[in-house]
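Take a look at the structure set out below.
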Amino acid sequence: MSSVKSVTIVGAGIAGLTTALALARKGIASHVLEQAPALAEVGAGLQLSPNASRILVDLGLLDALRARWTEPDHILLSSGLSLAPLASVPAGAAAESRWGAPYGVLHRASLQKVLIEAVRAEPLCTLTIDEHIANAEAALSLAPADVLIAADGVWSRLRSAVPGALPARYSGNVAWRFLVPYAAAPSFLDPRTVAAFLGPNAHLVAYPLAETGVFNIVAIHAQPDAPAEGWLRKGDARTRGRLLDAFKGWHPDIRSLLPDAQDPLVWPLFGCPDGAWTDGGKTVLIGDAAHAMTPFAAQGAAMAIEDAALLAERLATATDIGAALGGFEKTRRARVSRVRSRGAFNRFAYHARGPVALARNLVLSLRKPESLAADFDWLYGYRTPE
């Protein structure tokens, strides 16, 4: 029998809410504390690959998600300079057949709404908003529990409670997010496709958000000097000028999207170095608080969801909480490290230039879709260890 009867979770983002639901399915009560006065997810779109959607399906959320998301037919890599297709990975029915769960794209706020509704309907979950939690002591004073889970994001305040945890660092890249209505979208954007356009020192990703009839556009480029921390920042004339410069030489149809973008938000990409996640006692970091990563593998949210599933599994059988948290960290660290490595490789490949870009294009053109899909079996076919 587990020695864990109750858990306090700080942060009502994807990591915190999924963890609360996963714990409830194991019979463990949780109290989620959120500092925001209203629950609203930042950003625009989100890709839920099968390794993440499988967990949400197991939590009983598939019908609610399918009412809101699109399951694209394929993931397409193309040249940002010519729009020429380079490679395609089957998705849609092929993804569910191969990896045992669907591949969906949706608005981040839609996923959070699904999670919030499920948490509020779960008797073992309590959600309190507008609570400014400065440290671990404050969290446990407000909601005493056997375990404290810090799910408070890349700029976590509770990270200081874990000796050896390291602060987030700027990656040298920024992302721009904006939306393009289907009716105004250029012909190279397809509402049944996740598309990535590759170019020197930059790339652009586009995929549909079916609920609102728009494409989510994410344009990522290198920028050596670090912008201020924060998510919801509108770029000034200088930063928008740097965006246009980063895509100089790209195909005119892609470049035409950038100056006319409505209310674009600039997002500095931060990641957490490989520091400690637990304090050896009752506190653990999860999601971006533990291992924030850049989006070059589109796995940030998926890693948080995987964290939730494994942590609930380990706490449900814990007789020694410190040992259970240590085992969780060890298992997840190996997985996250491999995903980080994939992201680093993608960054190199996506942003390649000159002869390296030509070699990349040649290699991709020789790969069959099924062969490319097999490269993702370790990632998308992942299942939570027992």
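Only this structure's heavy atoms are used, side chains among them; waters, hydrogens and symmetry mates stay out.
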(message) Evaluate Phe296 against His203 for ring pair (Phe, Tyr, Trp, His ring centres under 6.0 Å), listing each step before the verdict.
(response) CA-CA 10 Å; Phe296 292 102; His203 75 284; 5.5 Å; yes
(message) Donor-acceptor check, side chain of Asp377 to backbone of Gly381, threshold 3.5 angstrom: yes or no?
(response) no
(request) Verify, without hydrogens or angle tests, whether Asp152 (side chain) and Leu158 (backbone) share a donor-acceptor contact under 3.5 angstrom. (result) yes
(message) Using 0.5 Å steps for rounding, measure from the SG atom of Cys125 to the CD1 atom of Ile28.
(response) 11.0 Å
(request) Check whether any side-chain heavy atom of Leu46 sits under 4.5 Å from a side-chain heavy atom of Ser110, and report yes or no. (result) no
(request) Identify whether the distance between the nearest side-chain nitrogen and carboxylate oxygen of Asp73 and Arg192 falls below 4.0 Å. (result) yes
(request) Step through the shown structure and confirm whether more than 12 heavy atoms of other residues, nucleotides or ligands are within 6.0 Å of CG on Asp130. (result) yes
(request) May I ask whether Leu81 and Leu244 are part of the same hydrophobic cluster, defined by side-chain heavy atoms of I, L, V, M, F, W, Y residues being less than 4.5 angstrom apart, directly or through others? (result) yes
(request) Would you check, one step at a time, whether the test side chain to side chain contact (heavy atoms under 4.5 Å, CB included) holds for Val89 with His74? (result) CA-CA 6 Å; Val89 178; His74 57 274; over 6 Å; no
(message) To the nearest 0.5 Å, what is the distance between OG on Ser3 and CD1 on Ile321?
(response) 4.0 Å
(message) Regarding His251 and Ser82, do their side chains bring together a donor and an acceptor under 3.5 Å, going by distance alone?
(response) no
(request) Using modelled atom types only, decide if a donor and an acceptor are shared between the side chain of Tyr207 and the backbone of Gly45 within a distance under 3.5 Å. (result) yes
(request) Would you please say whether a donor-acceptor pair under 3.5 Å links the side chains of Gln299 and Ser49? (result) yes
(message) So which atom in Trp176 and which in Val174 form the shortest heavy-atom distance, rounded to 0.1 Å?
(response) NE1-CG2, 4.1 Å
(message) With clusters defined by side-chain heavy atoms of hydrophobic residues (ILVMFWY) lying less than 4.5 Å apart, directly or transitively, does Leu140 cluster with Val32?
(response) no
(message) Given 3.5 Å as the limit, does a donor-acceptor pair link the side chain of Thr18 with the main chain of Ile14, or not?
(response) yes
(request) Measure the shortest side-chain to side-chain distance between Leu179 and Ile217 over non-hydrogen atoms and say whether it is less than 4.5 angstrom. (result) no
(message) Do Asn201 and Arg353 have side chains that approach each other closer than 4.5 Å (heavy atoms only, starting at C-beta)?
(response) yes
(request) For the pair Thr283 (side chain) and Asp279 (backbone), establish whether a donor and an acceptor sit closer than 3.5 Å, ignoring hydrogens and angles. (result) no
(message) Hydrophobic clustering (ILVMFWY, side-chain heavy atoms < 4.5 Å, transitive) - are Ile55 and Tyr382 grouped together?
(response) no
(request) Tell me, please, whether Tyr350 has Arg360 positioned over its six-membered ring: NZ or CZ under 6.0 Å from the ring centre and within 45 degrees of its axis? (result) no
(request) Answer yes or no: is there an ion pair linking Arg242 with Asp225, defined by an N-O contact shorter than 4.0 Å? (result) yes
(message) Testing the basics here: between Ala323 and Asp320, what is the closest heavy-atom pair and its distance to 0.1 Å?
(response) N-OD1, 3.0 Å
(message) Could you check whether Arg66 pairs with Glu211 (Lys NZ or Arg NE/NH1/NH2 to Asp/Glu carboxylate O, under 4.0 Å)?
(response) no
(request) Using a 4.5 Å cut-off on heavy atoms from C-beta on, say whether the side chain of Arg25 contacts that of Leu59. (result) yes
(request) Would you confirm whether Arg68, through its side chain, and Leu106, through its main-chain N or O, come within 3.5 Å as a donor-acceptor pair? (result) no
(message) Looking at every non-hydrogen atom in both residues, tell me the closest pair between Pro369 and Pro90 and how far apart they are.
(response) O-CD, 3.5 Å
(message) So that I know where these two stand, are Tyr182 and Phe215 an aromatic pair - ring centroids less than 6.0 Å apart?
(response) yes
(request) Apply side chain to side chain contact (heavy atoms under 4.5 Å, CB included) to the pair Phe178 and Leu265, showing each step before the final yes or no. (result) CA-CA 7 Å; Phe178 58 94; Leu265 301 176; over 6 Å; no
(message) Nearest 0.5 Å, please: how far is NE2 in His221 from CG in Asp245?
(response) 9.0 Å
(request) Count the heavy atoms belonging to other residues, nucleotides or ligands that lie under 6.0 Å from NZ of Lys5, then report whether that count exceeds 12. (result) yes
(message) Do Arg332 and Trp277 form a cation-pi contact, if we require the NZ or CZ to be under 6.0 Å from the six-membered ring centre and within 45 degrees of the ring's axis?
(response) no
(request) Applying side chain to side chain contact (heavy atoms under 4.5 Å, CB included) between Leu23 and each of Leu311, Ile149, Leu124, report the one that passes. (result) Ile149
(request) Starting from the C-alpha separation in whole Å, work towards a yes-or-no answer on side-chain hydrogen bond (donor to acceptor under 3.5 Å, both in side chains) for Tyr103 and Gln47. (result) CA-CA 8 Å; Tyr103 195 119; Gln47 300 182 55; 2.6 Å; yes
(message) Donor-acceptor check, side chain of Thr8 to backbone of Ala143, threshold 3.5 angstrom: yes or no?
(response) yes
(request) Search all heavy atoms of Ala324 against all heavy atoms of Ala318 and return the closest pair with its distance. (result) CB-CB, 3.6 Å
(request) Drop me the distance from Thr193's OG1 to Leu76's CG, to the nearest 0.5 angstrom. (result) 6.5 Å
(message) Can you confirm if the aromatic rings of Phe197 and Trp250 lie within a centre distance of less than 6.0 Å?
(response) no
(request) Treat each ILVMFWY residue as a node, draw an edge where side-chain heavy atoms are under 4.5 Å apart, and state whether Val10 and Phe328 are in one component. (result) no
(message) If I compare all heavy atoms of Ala52 with all of Ile305, which pair ends up nearest, and what's the gap?
(response) O-CG2, 3.8 Å
(message) Within the structure provided, determine whether Arg177 and Pro264 are in side-chain contact (heavy-atom separation under 4.5 Å).
(response) no
(request) Identify whether the distance between the nearest side-chain nitrogen and carboxylate oxygen of Arg340 and Asp274 falls below 4.0 Å. (result) no
(message) Between Leu198 and Ser78, is there a side-chain heavy-atom distance shorter than 4.5 Å?
(response) no
(message) To check you understand the geometry: which heavy-atom pair defines the closest contact between Pro208 and Val105, and what is its length?
(response) O-CG2, 3.4 Å
(request) Any chance you could measure Ser30, atom OG, to Leu17, atom CG, to the nearest 0.5 Å? (result) 9.5 Å
(message) Quick one, Thr128 with His31, criterion side-chain hydrogen bond (donor to acceptor under 3.5 Å, both in side chains). Give me CA distance, side-chain angles, the key distance, then yes/no.
(response) CA-CA 8 Å; Thr128 302; His31 192 156; 2.7 Å; yes
(request) Kindly determine whether Leu115 and Leu61 satisfy side chain to side chain contact (heavy atoms under 4.5 Å, CB included), including the steps that lead there. (result) CA-CA 8 Å; Leu115 293 171; Leu61 304 178; 3.7 Å; yes
(request) Output yes when a side-chain donor or acceptor of Thr70 lies under 3.5 Å from a complementary backbone atom of Pro72, and no otherwise. (result) no
(message) Tell me whether Glu34 contacts the main-chain N or O of Ala12 through its side chain, where contact means a donor paired with an acceptor under 3.5 Å.
(response) yes
(request) Would you mind reporting whether Cys272 and Arg159 have side-chain heavy atoms less than 4.5 Å apart? (result) yes
(message) Would you say Glu306 and Asn51 are linked by a side-chain donor-acceptor pair, where the criterion is simply a distance under 3.5 Å?
(response) yes
(message) If hydrophobic clusters are built from ILVMFWY residues whose side chains come within less than 4.5 Å, do Phe376 and Phe348 share one?
(response) no
(message) I want to check something: taking the side chain as every heavy atom from C-beta on, are Thr331 and Pro385 in contact at a cut-off of under 4.5 Å?
(response) yes
(message) Whether Arg98 engages the ring of Tyr380 as a cation-pi pair (distance to the six-membered ring centre under 6.0 angstrom, angle to the ring normal within 45°) should be assessed.
(response) no
(message) Using side chain to side chain contact (heavy atoms under 4.5 Å, CB included), reason through Leu204 and Ile220 one step at a time and then give a plain yes or no.
(response) CA-CA 6 Å; Leu204 183 143; Ile220 298 178; over 6 Å; no
(message) With a 3.5 Å distance limit and no angle check, can you tell me whether Glu122 reaches the backbone of Ala20 through a side-chain donor-acceptor pair?
(response) no
